[in-house]
Q: 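Supplied in structure tokens, the structure appears directly below.
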Amino acid sequence: MIYIDVPEKNRLTSFYLATEEYVARHIADNEDYFFIWQVPPTVMVGRNQLIDNEINLPYCREKGIHLLRRKSGGGCIYVDEGCLLFSYITHNDQVNLVFTQYIDRIVQMLRQLGINAEAGGRNDILINGKKVSGNAFYHVPQWSIVHGTMLYDTNLQNMVASITPSQQKLNSKGVQSVRQHIALLKDYTTLSIEEVKRQTKEFLCSSALTLTEKDIKGIEEIEQDYLSDEFTYGNNPRYTMTNKQRIENVGELEVLMELKNNVIKHVNIMGDYFLTGDLDNAILKPLQNIPYTKQAIEAALPEQVNHIIRNLNKAQLVNLIVEPPKQ
């Protein structure tokens with residue numbers, strides 16, 4: 001694996017997310033690539049999440065915490081200088097396989113440091129049952145991108161106050177507070193954060209590639225997409241009906257629909273699920289302009305949807321979309 005040496009420091013999260021894309025689109029060949037980054041306090045919502053549902057905006061404004069939307073699925077996260085972020089780019093379209101293999105490698109790396117780590121849940125890495133790392137993925141043509149956090153000395157007060165997960169999610173995990181299920185790496189190793197970075201690079205990578213000034217300019221062009229209000233807030237559509245459900249091993253999903261004369265005019269699926277295929281063309285567009293009935297919805301949807309939304313089956317999706325019977 002090749003380590004991407006990013007000479008630019010003190011950049012915003014948008015720059016490093018753009019770096020992932022740039023490497024995949026303009027540098028990558030048949031090798032795998034990896035880099036580590038750190039950013040000022042930031043909350044990142046997943047590609048398909050509603051900002052109002054996930055973020056305490058007044059608190060973030062008061063504390064100067066940046067807000068950003070990423071292109072991967074999964075849930076909202078808080079990161080800061082006490083958190084390491086890992087990016088992995090590989091020439092493989094089998095995102096589920098890539099995701100599992102990547103998490104296993106990070107677990108192996110932590111165990112090499114003498115830390116009792118294991119994979120857990122849909123996307124987490126745990127130390128003694130507590131979450132130290134969350135991960136997400138997306139793909140560009142022929143390339144899969146996985147990125148994740150590694151909590152070293154993150155400000156837990158800011159984490160708790162800036163993110164507002166639903167009570168249903170908290171209850172489903174059986175936790176009374178975020179503090180009770182978060183692990184900080186500093187509590188399990190004597191290594192400094194810089195030493196953890198160095199040993200991670202040495203464990204995963206055998207060579208390095210330094211980005212050029214031309215590369216930096218190309219990254220900055222891609223970065224503009226992440227900085228636009230349309231990208232950040234554009235996934236907050238108007239709707240006339242919402243059905244929400246948490247599905248085991250899939251995530252929390254919320255179907256938002258605009259109905260006119262019992263016909264679906266607009267539909268979107270928000271949440272912290274992992275997207276592995278073309279949601280728009282495979283699911284959302286076929287549902288537009290059809291009657292809002294279970295029969296019509298079943299006929300419009302493909303038989304297999306788990307290659308679009310990870311671990312979801314068609315029956316679960318239909319039940320999510322169809323309005324629950326009135327009591």
Side-chain angles (χ1 to χ4, degrees), residues 1-6 13 16 20 32-42 44 72 74-90 96-137 144-160 163 165 170 173-208 249 272 274:
M1 190 183 304
I2 298 174
Y3 187 82
I4 297 295
D5 185 11
V6 185
T13 304
Y16 298 103
E20 297 173 340
D32 290 349
Y33 299 84
F34 177 82
F35 65 97
I36 303 172
W37 39 293
Q38 291 168 271
V39 291
T42 306
M44 279 190 281
S72 58
C76 180
I77 62 172
Y78 167 86
V79 295
D80 57 21
E81 296 90 341
C83 176
L84 298 177
L85 293 111
F86 296 165
S87 292
Y88 171 59
I89 302 102
T90 182
N96 283 314
L97 178 62
V98 167
F99 192 59
T100 300
Q101 291 178 338
Y102 167 77
I103 289 181
D104 287 344
R105 294 179 79 173
I106 299 301
V107 167
Q108 292 171 18
M109 180 274 295
L110 290 173
R111 289 177 177 173
Q112 287 284 325
L113 300 181
I115 297 169
N116 182 30
E118 62 180 349
R122 296 181 303 146
N123 61 323
D124 298 340
I125 296 173
L126 310 177
I127 299 176
N128 296 337
K130 294 185 176 183
K131 178 176 177 178
V132 72
S133 171
N135 301 273
F137 61 83
S144 294
I145 297 173
V146 182
H147 46 208
T149 57
M150 184 62 64
L151 304 179
Y152 183 88
D153 190 17
T154 303
N155 186 322
L156 294 182
Q157 180 177 345
N158 276 348
M159 177 185 288
V160 172
I163 299 177
L170 291 177
K173 293 182 177 179
V175 297
Q176 297 301 315
S177 74
V178 173
R179 288 178 180 268
Q180 292 178 345
H181 76 285
I182 290 294
L184 296 178
L185 208 56
K186 68 170 186 175
D187 296 329
Y188 300 88
T189 180
T190 58
L191 297 175
S192 69
I193 192 169
E194 291 300 321
E195 289 171 330
V196 171
K197 289 167 64 176
R198 177 179 59 80
Q199 295 211 26
T200 300
K201 289 163 59 175
E202 291 177 357
F203 181 84
L204 295 175
C205 301
S206 57
S207 61
N249 295 321
D272 62 359
F274 289 124

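A quick note: this is a predicted structure, and the numbers were derived from the prediction, not measured.
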Q: Any pair with a residue in residues 183-192 that passes salt bridge (Lys or Arg N to Asp or Glu O under 4.0 Å), sequence neighbours left out, goes on the list, sorted by first then second residue, please.
A: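 As it turns out, the salt bridge (Lys or Arg N to Asp or Glu O under 4.0 Å) pairs with a partner in residues 183-192, which skip direct neighbours, are Asp153-Lys186.
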Q: Residues two or more places apart in sequence or in another chain: which of them pass side-chain hydrogen bond (donor to acceptor under 3.5 Å, both in side chains) with Asn155?
A: none
Q: List for me each residue that meets side-chain hydrogen bond (donor to acceptor under 3.5 Å, both in side chains) alongside Ser72, sequence neighbours excluded, and say none if there are none.
A: Arg70, His147
Q: Under the rule for side chain to side chain contact (heavy atoms under 4.5 Å, CB included), what residues qualify as partners of Asn116, not counting sequence neighbours?
A: Asn128
Q: Without swapping roles, check the side chain of Asp124 against the backbone of Leu126 for a donor-acceptor pair under 3.5 Å.
A: no
Q: Quick check: do Ile36 and Met150 have side-chain heavy atoms less than 4.5 Å from each other?
A: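 No; the side chains remain at least 4.5 Å from each other.
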Q: So, for Thr200 and Val196, which heavy atoms are closest and what is the spacing to 0.1 Å?
A: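 Taking every non-hydrogen atom into account, OG1-O, 2.7 Å.
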Q: What I'd like to find out is whether the side chain of Met1 reaches to under 4.5 Å of the side chain of Ser206, using heavy atoms alone.
A: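 They are not in side-chain contact.
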Q: Would you please name every residue forming a side chain to side chain contact (heavy atoms under 4.5 Å, CB included) with Gln112, sequence neighbours left out?
A: Phe203
Q: Output all residues satisfying side-chain hydrogen bond (donor to acceptor under 3.5 Å, both in side chains) with Ser144, sequence neighbours left out; order by chain, then residue number.
A: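 Partners of Ser144 under the side-chain hydrogen bond (donor to acceptor under 3.5 Å, both in side chains) test: none.
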Q: Flag the pair Leu85 / Met44 as yes when at least one side-chain heavy-atom distance between them is below 4.5 Å, and no otherwise.
A: yes
Q: Under the rule for side chain to side chain contact (heavy atoms under 4.5 Å, CB included), what residues qualify as partners of Ile193, not counting sequence neighbours?
A: Gln38, Leu84, Tyr152
Q: Where do Phe35 and Tyr3 land on the side chain to side chain contact (heavy atoms under 4.5 Å, CB included) test, with the steps shown first?
A: CA-CA 6 Å; Phe35 65 97; Tyr3 187 82; 4.2 Å; yes
Q: Checking side chain to side chain contact (heavy atoms under 4.5 Å, CB included) for the pair Tyr88/Val98: CA distance, chi angles, key distance, verdict?
A: CA-CA 10 Å; Tyr88 171 59; Val98 167; 3.9 Å; yes
Q: Using every non-hydrogen atom in the two residues, find where Phe86 and Trp37 come nearest and quote the distance to one decimal.
A: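 Between these two residues, the closest heavy atoms are C-NE1, 4.2 Å.
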Q: Please confirm whether the backbone N or O of Gly134 pairs with a side-chain atom of Asn123, one donor and one acceptor, at under 3.5 Å?
A: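 Between the backbone of Gly134 and the side chain of Asn123 there is no qualifying donor-acceptor contact (under 3.5 Å).
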Q: Arg111: which residues meet the side-chain hydrogen bond (donor to acceptor under 3.5 Å, both in side chains) condition with it, sequence neighbours left out?
A: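 Listed in chain order: nothing, the list is empty.
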Q: Given Val79, which of Thr154, Leu151, Val39 fulfils the side-chain contact (heavy atoms from CB on, under 4.5 Å) condition?
A: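 Exactly one candidate clears the test, Val39.
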Q: Compare all side-chain heavy atoms of Leu191 with those of Leu185 and state whether any distance is below 4.5 angstrom.
A: no
Q: Mind listing the closest non-hydrogen atom pair of Ser133 and Thr149 along with its distance?
A: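 The answer is OG-O, 2.6 Å.
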Q: Going from CD on Glu81 to OG1 on Thr42, what distance comes out if it is rounded to the nearest 0.5 angstrom?
A: 8.5 Å
Q: Which atom names give the shortest non-hydrogen contact between Tyr16 and Val6, and what distance separates them?
A: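 So the minimum-distance heavy-atom pair works out to CE2-CG1, 4.3 Å.
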Q: Check Ile127 against Ala183 and note the closest heavy-atom contact, atom names and distance.
A: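 Smallest heavy-atom distance, with atoms named: CB-CB, 4.3 Å.
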Q: Would you say the side chain of Thr189 lies within less than 4.5 Å of the side chain of Glu195, judging by non-hydrogen atoms?
A: no
Q: Lys197: what forms a salt bridge (Lys or Arg N to Asp or Glu O under 4.0 Å) with it, not counting sequence neighbours?
A: Glu194
Q: With sequence neighbours left out, what residues match Glu202 under side chain to side chain contact (heavy atoms under 4.5 Å, CB included)?
A: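 Glu202 satisfies side chain to side chain contact (heavy atoms under 4.5 Å, CB included) with Arg198 only.
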Q: How long is the straight-line distance from SG of Cys83 back to CD1 of Ile77, given to the nearest 0.5 Å?
A: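 Output value for this atom pair is 7.0 Å.
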Q: Pairs of donor and acceptor atoms involving the side chains of residues 99-107, under 3.5 Å and at least two apart or interchain, shall be tabulated with distances.
A:
| from | atom 1 | to | atom 2 | distance (Å) |
| --- | --- | --- | --- | --- |
| Thr100 | OG1 | Asn96 | O | 3.1 |

